Amino acid sequence: MRFIVSTSILLKQLQAINGASSTSTVLPILENFLFEIKDNNLTISATDLQTSMVTSLPIEAKEEGRVAMPSKILIETLKTLPDQPVAFSVDMNTLAIEISAGDGKYKLSGENADDFPKIPSIDNGSIIQMPAPILSEAISKTIFAVSNDELRPAMSGVLVQLAEKNVTFVSTDAHKLVRYTRTDIGAEKPASLILPKKALSLLKSSLPSDDTTVSIEYNQTNAFFSFGNINLICRLIDERYPDYAAVIPQVNPNKLTVDRLLFLNTLRRVVIFANKTTHQVRLKISGSELHISAEDLDFSNEAHERLSCQFEGDDMEIGFNAKFLVEMLNNLESEEVVIEMSTPNRAGLLVPATSEDHADILMLVMPVMLNNA
């Protein structure tokens, strides 16, 4: 098996799918890329059994064949080579691989392609199309709130609810929750999928920034994303997602409107003086003034800042984890945000003061108990 390809083109493709390969000590074959040549087309696959990525590119090849090549050494070698044609020769009996580039020759040993796990395929799945920028934005807006708790597997992914006239993305870690709805996309029939965090991170870093359409095919067990010459296949999380709608408070008479960037930068400063475990900040709202404070009693640190705001409701004092507020404000884009609250011991809702076209976002954050000492 012999083929010639440009170093820069091959490196770009390998880096695009490398995140799906695994450094598994139990299954060393997962540390390899699977190279398959058929009809002058090179298909390269990487998998960790849960998430797989496949890319393909046209090449010059006289023979067809399959071999698994070690991913780490291959990428490291290609990174150091200038942009030039590189020739791969594989002895199909011994699986010895020789790479020739310019005046250099490099030898490494491959693995049997038959040992490489079979990449799942989807037959008779349902399909939905989505522009890459919309999918990318939905991932960005929700992935930060996904739980890392292995004991709650359902919350370790993003829930995608497909309906006829909208698609809703939900993530929560029990301290914060994000619900992002698009009303410009719909599915033929309703469905719910829980997409794992790793697959979404890989997807986000691979998505093009232009208006490429991403085709999403799914069944009961897998989701299959395809765009350009890249396919990403991931196993869905087979769990029941908690009833998130039940925790969103419906009656919130106290509404605080504040400049998002001003609030964000104030929180970043004030949290430096907060307790390093709780990151607790105190918001005291009276009239049109918001007083933000934090203290760390162990080190006698404290900080106080005042902001002007608009407030409808009764004067109140509430505590939040500033790290959560900062993450949320970072993922909103409007000039002003509205924080809707009912009582100091119930969740607060963050929403943009002006909504985007076809997009609706709601973020929920649980309060922390204030000790009024």
Side-chain angles (χ1 to χ4, degrees), residues 1-122 198-199 202 205-206 222 224-235:
M1 175 175 154
R2 181 180 162 80
F3 62 94
I4 297 169
V5 65
S6 150
T7 50
S8 59
I9 291 173
L10 181 59
L11 178 62
K12 191 180 172 197
Q13 301 298 329
L14 294 182
Q15 286 175 322
I17 66 168
N18 187 41
S21 59
S22 165
T23 51
S24 166
T25 46
V26 184
L27 273 178
I29 190 75
L30 299 181
E31 296 179 22
N32 292 260
F33 290 123
L34 177 64
F35 278 67
E36 298 177 274
I37 294 176
K38 197 171 186 183
D39 304 329
N40 278 331
N41 199 53
L42 170 62
T43 303
I44 311 166
S45 311
T47 185
D48 65 359
L49 299 181
Q50 299 298 317
T51 309
S52 310
M53 288 186 81
V54 181
T55 183
S56 59
L57 61 155
I59 52 152
E60 295 175 41
K62 294 198 168 52
E63 310 145 69
E64 299 187 345
R66 305 165 72 234
V67 66
M69 297 193 196
S71 52
K72 193 170 177 222
I73 192 169
L74 204 53
I75 285 183
E76 284 179 358
T77 308
L78 290 169
K79 271 184 185 170
T80 59
L81 289 170
D83 185 10
Q84 62 188 39
V86 57
F88 284 76
S89 301
V90 183
D91 183 325
M92 297 310 288
N93 295 319
T94 62
L95 298 179
I97 302 162
E98 186 177 281
I99 305 170
S100 308
D103 298 326
K105 271 194 170 41
Y106 316 92
K107 291 184 179 178
L108 62 155
S109 54
E111 301 269 348
N112 189 335
D114 294 339
D115 295 338
F116 198 85
K118 191 174 184 304
I119 305 294
S121 58
I122 291 185
K198 178 181 175 180
L202 284 172
S205 58
S206 314
N222 292 297
F224 192 103
F225 299 82
S226 56
F227 50 94
N229 60 344
I230 288 184
N231 292 332
L232 183 146
I233 306 100
C234 70
R235 186 185 289 273

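In this text the structure is predicted, and so the values were computed from the model without any measurement. Any value given below was found using the heavy atoms of this structure, including those in side chains, with hydrogens, waters and symmetry copies removed.
- Between Ser45 and Phe33 there is no side-chain heavy-atom pair separated by less than 4.5 Å.
- When every heavy atom of Leu34 is checked against every heavy atom of Ala113, the shortest pair comes out as CD1-CB, 3.6 Å.
- In this structure the side chain of Leu14 reaches within 4.5 angstrom of the side chain of Leu78, judged on heavy atoms.
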Exercise. Begin from the C-alpha positions of Lys105 and Ile99 and carry the test side chain to side chain contact (heavy atoms under 4.5 Å, CB included) through to its verdict.
Key: CA-CA 6 Å; Lys105 271 194 170 41; Ile99 305 170; over 6 Å; no

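- Heavy-atom minimum distance, Ser71 versus Asn18: CB-OD1, 4.1 Å.
- Judged by distance alone, the side chain of Asn231 and the main-chain N or O of Ser226 form no donor-acceptor pair under 3.5 Å.
- Ile37 is not listed as a side-chain neighbour of Glu63, based on a closest heavy-atom distance of 4.5 Å or more.
- Remark: the backbone N or O of Gln84 is not paired with any side-chain donor or acceptor of Ser6 at under 3.5 angstrom.
- A donor atom on one side chain and an acceptor atom on the other are found under 3.5 Å apart for Ser8 and Asp83.
- One side chain, Thr55 or Gln13, offers a donor N or O that lies under 3.5 Å from an acceptor on the other.
- Cys234 places none of its side-chain heavy atoms less than 4.5 Å from the side chain of Asn222.
- At a threshold of 4.5 Å between non-hydrogen side-chain atoms, the residues Thr43 and Lys38 do not count as touching.
- Between the OG1 atom of Thr77 and the NZ atom of Lys79 there is a distance of 10.5 Å, given to the nearest 0.5 Å.
- With values rounded to the nearest 0.5 angstrom, Leu42 atom CG is found 5.0 Å from Leu57 atom CG.
- A distance of 11.5 Å separates OG in Ser21 from NZ in Lys72, rounded to the nearest 0.5 Å.
- Between the side chain of Glu98 and the backbone N or O of Ser89 there is no donor-acceptor pair closer than 3.5 Å.
- For Ile4 against Pro85, the heavy-atom pair with the smallest separation is CG2-CB, 4.0 Å.
- Taking the charged nitrogens against the carboxylate oxygens, Arg66 and Glu36 do have a contact shorter than 4.0 Å, which makes a salt bridge.
- Summarising the geometry, atom NZ belonging to Lys12 is positioned 8.5 Å from atom CD1 belonging to Ile9; distances are rounded to the nearest 0.5 Å.
- Counted by atom type alone, Thr47 and Ser52 present one or more donor-acceptor pairs between their side chains at under 3.5 Å.
- Nearest approach of Asn93 to Asp91, heavy atoms of both residues: N-OD1, 2.8 Å.
- The side-chain heavy atoms of Leu74 and Tyr106, taken from C-beta on, include no pair separated by under 4.5 Å.
- Side chains of Phe3 and Val86 form no contact here, defined as non-hydrogen atoms less than 4.5 Å apart.
- Here the CD1-CZ distance, from Ile59 to Arg2, works out to 11.5 Å after rounding to the nearest 0.5 Å.
- In plain terms, the two heavy atoms of Ala16 and Ser206 that are nearest each other are O-OG, 3.9 Å.
- For Thr7 (side chain) and Pro82 (main-chain N/O), a donor-acceptor pair under 3.5 Å exists by modelled atom type.
- Between Met69 and Glu111, every side-chain heavy-atom pair lies at or beyond the 4.5 Å cut-off.
- Between the side chain of Asp39 and the backbone N or O of Asn41, no donor-acceptor pair lies under 3.5 Å.
- Of all heavy-atom pairs between Gly110 and Val67, the closest is CA-CG2, 4.5 Å.
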Practice problem: I would like to know whether Leu27 and Leu49 meet side chain to side chain contact (heavy atoms under 4.5 Å, CB included); could you show each step before the answer? | Solution: CA-CA 10 Å; Leu27 273 178; Leu49 299 181; 3.8 Å; yes

Practice problem: Test side chain to side chain contact (heavy atoms under 4.5 Å, CB included) on Ile233 and Ile122 and set out the steps. | Solution: CA-CA 9 Å; Ile233 306 100; Ile122 291 185; 5.7 Å; no

Practice problem: For the pair Val54 and Ile17, evaluate side chain to side chain contact (heavy atoms under 4.5 Å, CB included) and give the outcome as yes or no after the intermediate values. | Solution: CA-CA 7 Å; Val54 181; Ile17 66 168; over 6 Å; no

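- Atom OG of Ser109 sits about 7.0 Å away from atom CD1 of Ile97, to the nearest 0.5 Å.
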